[in-house]
Amino acid sequence: MQPTPKTEQELLMRANALAGMTLGELAQIANIAVPPDLRRDKGWVGQLLEWHLGASAGSKPVPDFTELGIELKTIPVGYHGKPLETTFVCVAPLIGLHGLCWENSHIRHKLARVLWVPVEGERDIPLADRHVGSPLLWSPSPEEEQQLRQDWEELMDMIVLGQVEQITARHGEVLQLRPKAANSKAQTEAYGANGQPIKTLPRGFYLKTQFTAGLLEKYFIL
DNA sequence: GAGTGATCATAC
DNA sequence: GTATGATCACTC
């Protein structure tokens with residue numbers, strides 16, 4: 001593991017130095033084996049970048065760069081720089097929502113400051129040959145935060161009203177709610193239609209590709 | 001082909 | 001089960 005960057009500038013310089021390199025090169029430096037594909041190693045790319053940038057949090061529920069309050073997210077992009085996948089942000093709280101508002105929600109804090117690192121994700125590029133792109137240190141603009149907040153409030157309203165199971169990934173313009181579990185048999189507690197507790201699949205918030213594509217386009221001066 | 005719902009690994 | 005890291009893969 002590389003030393004933890006002490007300033008935002010140091011982190012950014014470190015991330016910039018990785019741009020243009022391949023995952024194979026980075027894995028060799030870190031002395032990590034490159035898996036044949038990501039089918040059984042979905043978090044591999046993210047963890048490789050965490051190693052190189054000196055992320056300190058490990059598996060703890062705090063930002064990757066705790067001291068800087070910055071979250072690291074890798075994002076798979078295609079040949080045109082467009083995101084190939086939605087981006088998982090955090091699990092959605094399904095109970096104990098009394099008094100919860102956007103300002104003190106987990107997701108807002110997660111997205112307050114994010115270092116996005118695009119990585120080639122086309123499946124026909126061998127993992128070791130995929131290139132890392134230029135990093136983007138981002139905070140939501142007032143417009144972006146408003147979009148996120150609006151979707152969040154709609155989804156949370158449904159959860160409070162016991163309509164979790166009626167929510168699909170089609171709800172929300174930029175933020176969606178989808179299963180986040182080991183498999184479809186996982187259970188967690190939530191509110192039922194009459195306020196009684198029910199068991200349901202754990203859900204997570206995901207940023208839609210349209211939204212992340214907008215970020216990369218808007219803030220990336222290529 | 002895109003998008004939604006399902007899934008994988010690992011630590012605690 | 002929950003937290004971390006996400007992509008897979010089936011259906012439309």
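Each chain gets a letter, A, B and so on, in the order the sequences are listed, and its residues count up from 1. All of these numbers come straight from a predicted model, not from anything done at the bench. Quick note: numbers below take in every heavy atom, side chains included, and nothing from hydrogens, waters or symmetry partners.
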Next item on the list: Mind calculating the distance between CG (A:Asn183) and C1' (B:dC8) to the nearest angstrom?
Entry: 10 Å
Notebook entry, point to check: Within the structure shown, what part of the strands sits under 4.0 Å from A:Glu189 by heavy-atom distance: base, sugar-phosphate, or nothing?
Noted result: nothing
Margin query: Hydrophobic clustering (ILVMFWY, side-chain heavy atoms < 4.5 Å, transitive) - are A:Met158 and A:Leu94 grouped together?
Written below: yes
Item checked: Interatomic distance where CD belongs to A:Gln47 and P belongs to C:dG5 [whole Å] -> 9 Å
Check: Counting just side-chain N and O atoms, does A:Gln176 come under 4.0 Å of either OP1 or OP2 of B:dT4?
Finding: yes
Item checked: Test applied, salt bridge (Lys or Arg N to Asp or Glu O under 4.0 Å); reference residue, A:Arg149; option that passes from A:Glu144, A:Glu103, A:Glu154 -> A:Glu103
Check: Given B:dA9, is OP1 or OP2 found less than 4.0 Å from the side-chain N or O atoms of A:Arg40?
Finding: yes
Checklist line | d(NZ, A:Lys185; C1', B:dG5) in whole Å | finding: 13 Å
Margin query: Please tell me if A:Lys110 has a side-chain N or O lying less than 4.0 Å from either OP1 or OP2 of C:dG5.
Written below: yes
Notebook entry, point to check: Counting any heavy atom closer than 4.0 Å, what does A:Val91 reach on the DNA or RNA strands: base, sugar-phosphate only, or nothing?
Noted result: sugar-phosphate
Check: Base, sugar-phosphate, or nothing for A:Thr87, non-hydrogen atoms under 4.0 angstrom?
Finding: nothing
Notebook entry, point to check: A:Ala182 or A:Thr86: which one's nearest nucleotide on DNA chain B is closer to the 5' end?
Noted result: A:Thr86
Notebook entry, point to check: Are any of A:Thr74's side-chain N or O atoms less than 4.0 Å away from OP1 or OP2 of C:dA6?
Noted result: yes
Next item on the list: Kindly say whether, by distance alone, the side chain of A:Lys180 makes a donor-acceptor pair under 3.5 Å with the base of C:dG5?
Entry: yes
Next item on the list: For the pair A:Glu217 and A:Lys82, evaluate salt bridge (Lys or Arg N to Asp or Glu O under 4.0 Å) and give the outcome as yes or no after the intermediate values.
Entry: CA-CA 9 Å; A:Glu217 237 173 70; A:Lys82 293 271 202 269; 2.9 Å; yes
Next item on the list: For A:Cys90 and for A:Arg178, locate the closest nucleotide of DNA chain C by heavy-atom distance; then report the residue assigned to the nucleotide nearer the 5' terminus.
Entry: A:Cys90
Next item on the list: Figure out the CD/P separation between A:Glu173 and B:dT4, and round it to whole Å.
Entry: 11 Å
Note to self: What contact category does A:Gly46 fall into here, base, sugar-phosphate, or nothing, at under 4.0 angstrom with non-hydrogen atoms?
What the structure shows: sugar-phosphate
Next item on the list: Let me know the distance between NE2 of A:His106 and P of C:dT2, rounded to the nearest Å.
Entry: 14 Å
Next item on the list: Find the distance A:Glu122:CD to B:dA2:P and express it as a whole number of Å.
Entry: 10 Å
Notebook entry, point to check: Taking a hydrophobic cluster as the set of Ile, Leu, Val, Met, Phe, Trp and Tyr residues connected by side-chain heavy atoms closer than 4.5 Å, whether directly or through intermediates, do A:Met21 and A:Leu115 fall within one such cluster?
Noted result: yes
Item checked: A:Arg123 vs C:dT7: side-chain N/O to OP1/OP2 distance below 4.0 Å -> no
Check: Given atom CG of A:Leu201 and atom C1' of C:dT2, what is their separation to the nearest angstrom?
Finding: 14 Å
Next item on the list: From the options B:dT4, B:dT7, C:dT2, select the nucleotide whose nearest atom is closest to the side chain of A:Ala181.
Entry: B:dT7
Item checked: Length of the CZ-P vector between A:Phe88 and B:dG3, whole Å -> 21 Å
Checklist line | Among B:dG5, C:dA9, C:dG5, the one nearest A:Arg39 by side-chain distance | finding: C:dA9
Next item on the list: Could you state whether A:Phe211 and A:Tyr206 fall into the same hydrophobic cluster, counting links through intermediate Ile, Leu, Val, Met, Phe, Trp or Tyr residues with side-chain heavy atoms under 4.5 angstrom apart?
Entry: no
Check: Is the backbone N or O of A:Ala169 less than 3.5 Å from a side-chain atom of A:Gln176, with the two atoms forming a donor-acceptor pair by type?
Finding: yes
Note to self: Any N or O donor-acceptor pair under 3.5 Å from the base of B:dT7 to the side chain of A:Lys42?
What the structure shows: yes
Note to self: Using a heavy-atom cut-off of 4.0 Å across all strands, would you classify A:Leu84 as base, sugar-phosphate, or nothing?
What the structure shows: nothing
Check: Think A:Ser184 has a side-chain N or O under 4.0 angstrom from the OP1 or OP2 of B:dT7?
Finding: yes
